[in-house]
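If you read the sequence from its start, that first residue is 1, and numbering goes on from there. Note that ligands are numbered from 1 as they come in the structure, with each ligand's atoms numbered from 1 the same way.
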Amino acid sequence: MATIISGKEVSAKVREEVRKECEQLAEMGITPGLAVIIVGDDPASRVYVNNKKKACEEVGFISEEYALPAETTQEELLALISKLNSKPDIDGILCQLPLPAHLDEKAVINAISPTKDVDAFHPSNVGKIMIGDYDFLPCTPAGVMELIHSAGIEVSGKNCVVIGRSNIVGKPMAMLLLHENGTVTICHSRTKNLKEICASADILVAAVGKPKFVKADMVKEGAVVLDVGINRDKNGKLCGDVDFEEVAPKASFITPVPGGVGPMTIAMLMKNTLKAAKLQNQL
Ligand code: GUN
């Protein structure tokens, strides 16, 4: 039976470290500030934004919420971002995705100043990650790496398989594993022999967005399994991309859903915001 890696515990540790550093910054008269933009009333986005605001308060950051109506125009959204880019008490800007269909997500990401881009979605930050010379790491993949480190798992030389190729998770995840000398394969919807490739993984990261997609026959005995998914099963119960009941007995380490990767994303956002505040203040 696998050891469960608790994102709840690890994220609490990360947030506590951030809180302590925030206290030290306060002595210098610096309070990190995060602006969170939400457009429309997607219920899942609302929950995420509320959790991000709560985490800010707990570590001692200022958080400003900009809740815009679903009909907001591209011009209005870009004008807000431009204002926040030059607002001195705001160190980090996050625009919750997905945006309503009439808005151009790419243009919005491009408009956020790279120095305040705590999601690390801006092309300049993505490029920096590619060459291993970055200020910000994207929160979810960085959270997965933190979980791997917390469990004392060595990545170097391991076969790492990432299922999913999104810009937010799959692609940067592969890059971070590569930076630590993993031998990395990215699988996606057109991958042939998916089962065999996954079953060759020493470290398997599931970021597909399909409930209980990863079954026991896709997992090698003793593999480390990290589940990025947040889905609802047939009964409406929260579940990951991994069939936990089937896979846990085969894995050496596994992350649960909820309480695994999810809380890490927010903890890493706090870390990025702290970093952004230090950068703005030349620290
Ligand atoms: N939507 C889902 N995940 C994320 C995230 O990490 N950042 C933002 N901005 N939107 C998201």
Open item on the list: Please check whether Q96 reaches ligand 1 - meaning an N/O of the residue sits under 3.5 Å from an N/O of the ligand, judged on distance alone.
Closed with: yes
TODO: Would you check the N or O atoms of C95, main chain and side chain alike, for any that come under 3.5 Å of an N or O of ligand 1?
DONE: yes
- [ ] Using a cut-off of 6.0 Å, state whether more than 12 heavy atoms not belonging to K210 lie near its atom NZ.
- [x] no
TODO: Number the atoms of ligand 1 from 1 as they appear, then name those within less than 4.0 Å of a heavy atom of L97, with their elements.
DONE: 1 (N), 2 (C), 8 (C), 9 (N), 10 (N), 11 (C)
Task: Interfacing atoms of ligand 1 (cut-off 4.0 Å, heavy-atom, L94) - done: 9 (N)
TODO: Please confirm whether F121 comes under 4.0 Å of ligand 1, counting heavy atoms of the residue only.
DONE: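 Yes, F121 has heavy atoms under 4.0 Å from ligand 1.
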Open item on the list: Less than 4.0 angstrom from a charged side-chain N to a carboxylate O is my criterion; do K220 and D202 meet it?
Closed with: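 Judged by the 4.0 Å cut-off on N to carboxylate O distance, K220 and D202 do form a salt bridge.
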Task: E16 bridged to R19 by N-O distance under 4.0 Å - done: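 Result for this pair is yes, salt bridge flagged.
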- [ ] Answer yes if L177 and V242 sit in the same cluster of Ile, Leu, Val, Met, Phe, Trp and Tyr residues linked by side chain heavy atoms under 4.5 Å apart, and no otherwise.
- [x] no
Open item on the list: Among D117, V36, V118, I37, which residue satisfies the side chain to side chain contact (heavy atoms under 4.5 Å, CB included) criterion with I93?
Closed with: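 Only match with I93 under side chain to side chain contact (heavy atoms under 4.5 Å, CB included): I37.
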Task: Nearest neighbour in protein (non-hydrogen) for atom 6 (O) of ligand 1 - done: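 Answer for atom 6 (O) of ligand 1: D119 OD1, 3.7 Å.
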